[in-house]
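Notes to accompany the following structure.
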Protein chains: 2
Amino acid sequence: MSVTLKDIAAIVGVSESTVSRVLNGIPRASEKTSKRILEVARSLKYTPNEVARSLAKQQTHIIGLIISDIYNPYFAAVTGGIEEIAGLYGFNLIIATTGGQEEEELKYITILKEKRVDGMIFMSGRMPEICEKTLIETLIPTVVVARQVKEEILPSIHIDNVSESYQAVEYLIKLGHRKIAMISGDLGDIESGYNRWLGYKKALADYNLPYRAELLEQGDFRMNSGKIAMGKLLQQNTVPTAVFAASDAMGVGAIKAAKEAGLRIPDDISIMGFDNNLISRACDPELTTIGQPVKDLGKNAMEILNKVIKGEKLEKRTYYLPCELIIRESTRLLI
Amino acid sequence: MSVTLKDIAAIVGVSESTVSRVLNGIPRASEKTSKRILEVARSLKYTPNEVARSLAKQQTHIIGLIISDIYNPYFAAVTGGIEEIAGLYGFNLIIATTGGQEEEELKYITILKEKRVDGMIFMSGRMPEICEKTLIETLIPTVVVARQVKEEILPSIHIDNVSESYQAVEYLIKLGHRKIAMISGDLGDIESGYNRWLGYKKALADYNLPYRAELLEQGDFRMNSGKIAMGKLLQQNTVPTAVFAASDAMGVGAIKAAKEAGLRIPDDISIMGFDNNLISRACDPELTTIGQPVKDLGKNAMEILNKVIKGEKLEKRTYYLPCELIIRESTRLLI
DNA sequence: ATAATTAAGTCAAGCGCTTGCCTCAAGCCG
DNA sequence: CGGCTTGAGGCAAGCGCTTGACTTAATTAT
């Protein structure tokens with residue numbers, strides 16, 4: 001097929017090992033031989049075979065990324081962060097998307113193991129126990145992004161959904177709002193669904209505001225569910241003066257519903273989102289939101305993974321990155 | 001390290017080749033031996049080493065994807081489509097992001113070649129000649145997405161930006177608009193910048209409308225540039241009744257600027273976008289746009305690549321996928 | 001002058017799997 | 001009953017690279 005070490009060795013008249021060493025910059029040959037080898041390698045357009053090297057060295061320089069969905073801007077952004085740092089350390093990324101389905105996750109864990117990836121980053125689905133177990137059993141360095149892990153074996157990185165959600169609600173409270181509704185995500189989803197709801201409840205409690213079940217509507221994080229949820233909220237006896245949506249998409253949906261109901265935002269009602277993705281700046285009014293450090297989530301995950309791969313000790317198992325309150329046009333002071 | 005064919009062979013008391021054959025489903029062993037081998041393999045939790053297999057078989061089942069930017073929803077969507085079909089054919093995806101920079105592109109082409117990927121999909125930057133040449137020289141099956149290729153060697157897949165843009169402008173014309181402005185992308189970018197502008201000019205010409213230079217503003221495809229461009233358009237003597245933006249993001253920017261100027265959309269001015277991404281449904285009014293078949297672009301690219309890899313003949317070198325006119329709220333009939 | 005060190009290489013055994021070719025015994029046919 | 005086919009499996013070369021151990025000649029130290 002293509003040109004190999006052997007070919008070069010034959011032409012230069014040295015052994016394969018010498019060629020290998022020279023090409024890898026291991027000082028072991030004379031100036032003259034080195035130069036010659038380099039010359040010949042260049043003129044033959046030698047391209048090292050990473051597969052063979054991987055086999056010999058037992059490392060592939062590949063990181064496997066298990067993700068539920070690359071269309072989702074959140075995952076795309078985290079992936080971008082991962083890739084950036086991975087490049088720095090000479091790793092390439094294999095991505096595997098699972099649609100959040102357990103069997104796909106399991107399948108890909110196996111495939112990545114077969115491909116002998118040097119490490120894995122998992123941010124798919126809800127981290128079923130079986131996945132966590134399988135991940136651990138592979139013995140491949142793995143870090144988990146934004147998924148609660150049961151065992152404290154795999155390092156993980158998150159945002160603190162409880163306190164960030166708390167921060168959002170607290171902001172609304174400080175603006176003078178008392179009747180604050182929430183459009184939550186799926187409460188079965190511990191990480192972002194349940195925990196954001198928890199933060200909401202906690203903030204209300206801390207500020208002595210009653211928690212009213214009728215002020216909670218559940219959505220699925222997507223725009224349309226936000227619109228529907230808002231519709232329901234507006235048809236109740238207790239109409240809120242502010243609504244906190246657990247995602248920007250639902251926040252935008254809420255804005256749409258409110259406008260359709262003839263409300264002005266933020267004059268008649270304040271609306272907040274969570275995420276700070278593109279959508280939150282496209283809508284009108286632009287959405288006040290909690291900015292997730294998506295790119296940094298990826299970068300840090302990869303930094304951590306790199307440490308694990310290199311065998312460095314980690315200070316902790318669970319890392320948290322802070323979010324940022326981003327105040328835009330959809331919320332206002334209630335006088 | 002981990003358990004190998006050899007280990008299994010030793011335990012069962014047969015040769016490695018027999019184990020290999022059984023594990024690969026090549027009928028060559030007796031029922032009894034087969035069963036035994038499978039049993040032992042399972043109990044030892046044998047995981048085949050794809051790296052070794054790749055070396056032996058000279059194929060990696062990996063596709064390299066060279067992309068400028070994964071944050072961009074367009075690329076993310078195409079990637080999703082690619083991955084879906086890749087999975088079907090048993091390929092995994094290595095992604096390499098280049099920021100559209102030539103040297104990065106070249107670097108990754110080399111890396112992917114070293115990794116001996118079975119195929120590559122290129123959709124980064126503006127396809128400089130040197131990249132095309134390098135790509136061709138690798139002899140690795142490659143398909144190009146949405147980039148004009150000089151030589152008709154590499155198969156490529158596109159949307160027809162000229163006629164799709166024509167379609168958009170034609171729609172505005174048929175709504176009765178005569179003064180139609182365009183917010184273009186970078187005209188140096190042949191594929192989506194220049195060609196969309198060409199389609200605009202062509203439509204005007206075909207309907208005997210004058211082309212006026214002052215009705216063209218150049219942006220960079222991003223929201224803010226659309227906003228600025230719209231600002232400029234509104235300050236001229238000839239105020240357009242409709243604006244065609246070469247991207248949804250710029251379209252949304254245009255909407256914002258128009259609103260700020262006190263215009264109602266579509267009552268006072270119609271605005272169109274191009275792409276149909278999430279943003280176009282988040283803004284208010286929702287944007288009429290040209291829907292790119294992003295996912296299908298990816299799927300088809302991978303289908304084509306698979307054919308090339310399998311050595312099948314292609315009917316053509318250049319493929320086009322149709323877009324779809326998506327009528328929403330930002331355009332109206334001019335009476 | 002001799003022993004010890006070093007520079008410059010070579011050898012060959014891996015890494016784990018695939019595969020064309022060979023063997024050997026049993027079954028089959030005429 | 002001898003030759004032929006066939007089923008079941010083994011052999012070993014090969015994929016392309018790495019690396020510890022070994023060799024040899026030159027250089028240095030004593």
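Letters go in sequence order (proteins before strands), and every chain restarts at 1.
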Looking at B/E137 and B/K133, is there a salt bridge between them, counting it only when a charged N and a carboxylate O are closer than 4.0 Å?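 Looking at B/K133 and B/E137, the cut-off is met.
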Closest to the [X] side chain, choosing from [options]:
X     : options                : value
A/L5  : D/dG10, C/dT18, D/dT18 : D/dT18
B/S30 : C/dG9, C/dT18, D/dA8   : D/dA8
A/T33 : D/dG16, C/dG9, C/dT18  : C/dG9
B/R28 : D/dG9, C/dT10, C/dC17  : D/dG9
B/K57 : D/dG16, D/dG9, C/dT18  : C/dT18

Would you kindly give the [atom1]-to-[atom2] distance between [X] and [N], to the nearest whole Å?
X      : N      : atom1 : atom2 : result
B/L55  : D/dC15 : CG    : C1'   : 4 Å
A/D7   : D/dG16 : CG    : P     : 9 Å
A/N49  : D/dG16 : CG    : C1'   : 6 Å
A/Q58  : C/dC17 : CD    : P     : 10 Å
B/L23  : C/dG16 : CG    : P     : 15 Å
B/R116 : D/dG16 : CZ    : P     : 8 Å
A/K113 : C/dG16 : NZ    : P     : 14 Å

Could you check whether B/V51 gets within reach of a base, just the sugar-phosphate, or nothing at all, counting any heavy atom under 4.0 Å? nothing
Touch check for B/T4, heavy atoms < 4.0 angstrom, all strands: base, sugar-phosphate only, or nothing? sugar-phosphate
Do A/I66 and A/I109 have side chains that get closer than 4.5 Å, going by heavy atoms? yes
Got A/M302 and A/I63 here, is their nearest side-chain heavy-atom distance under 4.5 Å?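 When only atoms from C-beta onward are counted, A/I63 and A/M302 do touch, with a gap below 4.5 Å.
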Under 3.5 Å, is there an N or O donor on one side and an acceptor on the other linking the side chain of B/S17 and the base of D/dC11? yes
Less than 3.5 Å between a donor and an acceptor, one on the side chain of B/R21 and one on the base of C/dG20, is that the case here?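 Flag set: donor-acceptor pair detected.
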Is the shortest side-chain N/O distance from B/N24 to OP1 or OP2 of C/dT18 below 4.0 Å? yes
Assign each of B/I26 and A/A56 to its nearest nucleotide of DNA chain C by heavy atoms, then name whichever residue's nucleotide is nearer the 5' end. A/A56
